[in-house]
Amino acid sequence: MHSFIQCDDIWKVYRLGDVDVQALGGLSLRIEKGEFVAVMGSSGSGKSTLMNILGCLDRPTKGRYRLEGRDVGELQADQLADIRNREIGFVFQSFNLIPRTSALENAQLPLLYRGLPLAEQRAMAVRVLQRVGLAGREHHYSTQLSGGQQQRVAIARALITSPSLLLADEPTGNLDTQSSREIMTMLDALNGEGITIILVTHEADIAAYARREIVLKDGKVLSDRMTKPSAQSVEV
Ligand code: ADP
Ligand code: MG
């Protein structure tokens, strides 16, 4: 039986001029469908590099990453793009919304290449914005929304393709305590609906929403422990 996510001895080395920077150094881990995992570790420990690889945005220099049993290293660029678009949602610290574009259009963006009728795309965006508590804000621009609301738009954009995996790299890093709590409560609810979530955070109280905590050090797993029982027993 393969795991949902399976990393075996993953290395990532960046070449900077004449210098090799080792971001991951022999990292192995398995994550099952339906898990809610917090990835912690000091700055530079390789958290974002790992997320980029898990999200098929980047490939390991060495080692094997399998997603649902498929060896990602053997896939073509267009197959990777397809996996990213269909199966993976990303949320970043800086929201990464398109400026001077409405919440609705931002949420709709991942549907661009799906060839769906525009009315259907908009209806899907309206629904997903409703789901993150932004009904009535569809036509607001980013500058007219608070940080917490902008992150909700980013989550709506990540959810519109119904991904099975949500990757969130310090999603509350730019938010106040109250907005952070709201975002984490939302992620917790999404996990309860079955979405696998991998969350990078520096903060213990944010990590406490997850059910498993993995700490990285020097591009390897330093510790890995279950902190709560899983949201549901998943049979896949
Ligand atoms: P974290 O997210 O835990 O802070 P990163 O994965 O961003 O860590 O970085 C791990 C290491 O790899 C750091 O030493 C960082 O400087 C280096 N690194 C990350 N991305 C690049 C890149 N694109 N080019 C060169 N070095 C990089
Ligand atoms: Mg990082």
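First listed ligand is number 1; within each ligand, the first listed atom is number 1. Along the sequence shown, residues are numbered consecutively beginning with 1.
- Summarising the geometry, atom CZ belonging to Arg84 is positioned 12.5 Å from atom OG1 belonging to Thr161; distances are rounded to the nearest 0.5 Å.
- Donor-acceptor pairing under 3.5 Å is lacking for the side chains of Asp9 and Ser28.
- Of all protein heavy atoms, the one lying nearest to atom 9 (O) of ligand 1 is Thr49 OG1, 3.9 Å.
- Polar contact check, Gly46 against ligand 1: a nitrogen or oxygen pair lies under 3.5 Å apart.
- Contact annotation for atom 23 (N) of ligand 1: protein present (non-hydrogen atoms, distance under 4.0 Å).
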message: As a quick check of understanding, evaluate side-chain hydrogen bond (donor to acceptor under 3.5 Å, both in side chains) for Thr227 and Glu213, giving each step before the final call.
response: CA-CA 7 Å; Thr227 49; Glu213 186 183 291; 5.8 Å; no

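- Under 4.0 Å from ligand 1, the heavy atoms of Val21 that appear belong solely to its side chain.
- Arg157 and Asn96 share no donor-acceptor pair across their side chains, judged by distance under 3.5 Å alone.
- Looking at Glu105 and Arg100, no side-chain N of the basic residue comes within less than 4.0 Å of a carboxylate O on the acidic one, giving no salt bridge.
- In this comparison of Ser43, Ser45, Ala23, the heavy atom closest to atom 12 (O) of ligand 1 sits on Ala23.
- Under a 4.0 Å criterion applied to the non-hydrogen atoms of Ser42, ligand 1 contributes the atoms 3 (O).
- Distance check for Ser48 against the Mg ion (ligand 2): an N/O/S atom falls below 2.8 Å.
- Here the protein heavy atom with the shortest distance to atom 7 (O) of ligand 1 is Ser48 CB, 3.7 Å.
- Checked options Ile5, Val72, Asp8; the residue passing with Arg66 is Asp8 (criterion: side chain to side chain contact (heavy atoms under 4.5 Å, CB included)).
- Side chain to side chain, Asp176 and Ser179 meet the donor-acceptor criterion of an N or O pair below 3.5 Å.
- The shortest N or O to N or O distance between Lys47 and ligand 1 is below 3.5 Å.
- Looking only at atom types and distance, the side chain of Thr196 has no donor-acceptor partner in the side chain of Glu35 under 3.5 Å away.
- At under 3.5 Å, a nitrogen or oxygen of Gly44, whether backbone or side chain, sits near a nitrogen or oxygen of ligand 1.
- In this structure, atom 15 (C) of ligand 1 has its sub-4.0 angstrom surroundings free of protein heavy atoms.
- What sits closest to atom 27 (C) of ligand 1 on the protein, heavy atoms only, is Tyr14 CD1, 3.2 Å.
- Within the 4.0 Å heavy-atom cutoff, Gly41 does not count among the residues contacting ligand 1.
- In this structure, Ile198 CD1 and Leu50 CG are separated by 7.5 Å, a value rounded to the nearest 0.5 Å.
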